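In what follows, a single structure is set out as structure tokens and then discussed.
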Amino acid sequence: MALQNKYLADLLETVKKRNQGEPEFIQAVTEVFTSLEPVAEKRPDLIEAGVFERIVEPERQIIFRVPWVDDNGVTQVNRGFRIEFNSAIGPYKGGLRLHPSVYIGIIKFLGFEQIFKNSLTTLPMGGGKGGSDFDPKGKSDGEVMRFCQSFMTELCKHIGPNTDVPAGDIGTGAREIGYMFGQYKRLRNEFTGVLTGKGLTFGGSLARTEATGYGVCYFANEMLKANGKSFEGQTVVISGSGNVAIYATQKATELGAKVVALSDSNGYIYDENGIDLALVKQLKEVERKRIKEYVTVHPEAKYTEGCSGIWTIPCDIALPCATQNEIDGESAETLAKNGCYALVEGSNMPSTPEAIDVYFENNMLYGPAKAANAGGVAVSGLEMSQNSERLSWTFEDVDSRLHNIMKEIFKSCDEAAKEYGMEGNYMAGANIAGFLKVAEAMKAQGCV
Ligand code: NDP
Ligand code: 2IT
């Protein structure tokens with residue numbers, strides 16, 4: 001649907017012209033602007049302060065060469081990125097994605113979303129994102145280490161515990177963060193909380209590993225409760241089988257649901273008895289194997305090649321936890337037709353605009369990524385606090401803070417949606433609530 005507000009419509013045209021060849025970034029801006037139309041009408045002061053123009057332009061974009069030598073002695077070159085998008089409410093904060101599909105448009109959409117997500121957490125964190133087109137799959141530990149060291153050799157010039165604090169994302173887990181932290185410490189000769197998601201022996205926070213997946217379910221639980229439903233006895237389909245998917249599976253199961261499917265970029269497994277999570281953890285976290293290996297231990301489960309087929313499995317609740325645009329209009333129609341009434345996003349921007357239209361047309365409960373998956377970065381914020389005070393909190397303490405933050409995020413989305421006349425539209429609520437805090441800070445700080 002075209003934007004009604006002329007000011008935002010014109011600005012979107014400028015964004016499209018200025019960011020050609022970056023469809024994911026334009027998709028993210030379009031969605032946010034659509035939600036912000038009533039804000040633009042109500043707040044001419046923010047237009048006058050140039051907040052909308054400034055918020056769509058990153059404060060700084062860093063692109064660099066990442067040379068490293070593979071196990072055969074051959075030089076490899078990747079491209080590294082760090083987009084420092086917005087520092088109005090705190091140091092730039094956001095993950096590093098290592099995946100062959102990475103290019104500037106992906107990092108910019110992620111960095112843009114991160115501004116609003118971080119604002120929703122209530123913690124003082126600005127928005128940033130980075131990564132590389134390096135593919136950790138099939139690389140030896142030595143190759144991954146040499147890549148991470150080379151990547152950090154340049155990145156360390158731009159980040160710092162009060163400037164920009166990266167973390168994990170697709171392809172960047174505990175191993176990669178460890179190598180990058182080691183290199184930062186060596187180059188700068190300082191031990192600081194410059195990265196989050198660190199190992200527990202060197203400044204990491206308990207419950208960071210679990211945080212995003214748990215947070216998705218805490219958010220979903222609030223949304224379900226507010227609409228007279230719960231996870232109890234529900235059938236759940238989760239895509240992906242990485243960090244977010246694994247801990248979403250764990251929490252959804254603890255909350256009484258049966259998770260029947262998981263996937264990776266090759267295909268999906270369907271286990272009608274409920275996923276054997278201990279096996280998935282062993283396969284994915286320890287052995288770094290493909291999800292299809294699941295059926296060698298559980299031959300009664302079924303493996304199917306291809307990703308999108310996972311959305312044809314009938315379920316009550318769907319939690320996409322793999323990657324962007326993994327659910328298109330057709331998959332959304334199939335979900336709705338099969339009785340799925342709630343969809344909560346663990347991955348960033350997993351739904352195409354057509355899919356989102358289908359959720360609303362079918363009155364599905366829709367929990368948008370920037371609210372629902374904010375638990376990961378929220379606990380990253382708590383890791384920064386623990387690093388600053390040189391203390392570590394218990395698992396229970398961090399988990400209960402995470403739980404409260406997710407409840408508050410749901411409340412903010414719900415209330416903002418109501419205030420702007422869109423009750424039940426948590427996407428609009430998330431965009432408005434996340435935006436307003438950053439916008440006020442940008443206005444107060446003047447034209448910078
Ligand atoms: P992981 O690398 O741990 O896992 C990613 C999973 O998604 C894997 O199963 C992977 O399969 C699958 N996947 C990745 N790319 C594709 C693709 N192009 N097509 C199909 N499947 C794909 O990453 P995370 O679990 O950390 O991240 C998953 C999502 O959650 C991402 O969108 C990320 O941005 C988001 N997120 C992550 C947070 C975190 O704290 N880690 C916080 C908030 C959001 P395969 O192994 O075959 O590549
Ligand atoms: O998308 C995200 O919020 C993340 N990948 C986590 C970022 C962080 O800084 O913990």
Side-chain angles (χ1 to χ4, degrees), residues 24 90-102 106-107 109-118 120-121 123 125-131 135-138 159 164-177 193-198 204-205 207-216 219 238-249 262-269 280 283-285 288-292 306-308 310 319-327 345-351 369-384 402:
E24 296 85 359
Y92 309 107
K93 180 87 197 84
L96 297 169
R97 178 174 293 191
L98 300 182
H99 193 272
S101 63
V102 163
I106 297 258
I107 302 299
F109 111 68
L110 290 164
F112 183 69
E113 293 277 288
Q114 201 81 43
I115 304 170
F116 309 102
K117 182 194 307 194
N118 293 3
L120 285 169
T121 66
L123 302 174
M125 298 180 291
K129 199 83 187 190
D135 186 0
K137 257 188 232 120
I159 63 176
D164 183 356
V165 183
D169 194 78
I170 291 178
T172 307
R175 174 181 60 172
E176 291 73 19
I177 293 290
V194 67
L195 293 160
T196 59
K198 299 185 291 299
S205 173
R208 175 63 187 88
T209 306
E210 293 82 358
T212 312
Y214 278 21
V216 169
F219 181 94
I238 300 185
S239 64
S241 50
N243 174 263
V244 181
I246 286 175
Y247 293 95
T249 302
L262 286 175
S263 63
D264 61 21
S265 55
N266 293 110
Y268 65 93
I269 50 161
V280 174
L283 291 173
K284 301 303 283 190
E285 294 185 333
R288 297 181 188 276
K289 286 197 173 144
R290 309 307 298 157
I291 200 68
K292 82 168 167 219
C307 306
S308 64
I310 192 170
L319 307 177
C321 293
T323 194
Q324 67 277 349
N325 291 328
E326 54 175 312
I327 306 183
E345 298 178 336
S347 37
N348 286 305
M349 206 168 75
S351 308
K370 57 173 77 67
N373 76 23
V377 74
V379 172
S380 280
L382 301 179
E383 183 171 327
M384 290 165 73
L402 166 66

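Because the structure is a prediction, the values reported are computed rather than measured. Atoms within each ligand, like the ligands themselves, are counted from 1 in listed order.
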For [X] and ligand 1, does the shortest N/O to N/O distance drop below 3.5 Å?
| X | result |
| --- | --- |
| K117 | no |
| N266 | no |
| N373 | no |
| R290 | yes |
| A245 | no |

With rounding to the nearest 0.5 angstrom, report the [atom1] to [atom2] distance, [X] to [Y].
| X | Y | atom1 | atom2 | value |
| --- | --- | --- | --- | --- |
| I310 | I327 | CD1 | CD1 | 9.5 Å |
| K129 | R97 | NZ | CZ | 6.5 Å |
| I170 | L96 | CD1 | CG | 12.5 Å |
| E345 | F219 | CD | CZ | 10.0 Å |

Discussion item. Nearest non-hydrogen contact with atom 25 (O) of ligand 1 belongs to which option: V244, V379, V377?
Written reply: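 Comparing heavy atoms across V244, V379, V377, the nearest one to atom 25 (O) of ligand 1 lies in V244.
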
Worksheet entry | Identity and separation of the nearest protein heavy atom to atom 23 (O) of ligand 1 |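 For this ligand atom, the closest protein heavy atom is I170 CA, 3.5 Å.
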
Worksheet item: Under a 4.0 Å heavy-atom cut-off, what residues line ligand 2?
Response: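 For ligand 2, the residues that come within the 4.0 Å heavy-atom cutoff are K93, G94, G95, Q114, K117, K129, A167, G168, D169, R208, N348, G376, V377, S380.
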
Discussion item. Any atom of ligand 1 sitting under 4.0 Å from a heavy atom of R208?
Written reply: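 The answer is yes, since R208 has a heavy atom less than 4.0 Å from ligand 1.
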
Worksheet item: Should you measure from each heavy atom of S241, which atoms of ligand 1 turn up under 4.0 Å away?
Response: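 This gives 9 (O) as the contact atoms.
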
Discussion item. Residue-level breakdown please: for A374 versus ligand 1, do any non-hydrogen atoms fall below 4.0 Å on the side chain, on the backbone, on both, or on neither?
Written reply: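 Neither part.
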
Can you list, pair by pair, the side-chain donor-acceptor contacts under 3.5 Å of residues 241-248, counting residues two or more places apart and other chains?
residue, atom, partner, partner atom, Å
S241, OG, S263, O, 2.9
N243, ND2, T209, O, 2.9
Y247, OH, E285, OE2, 3.0

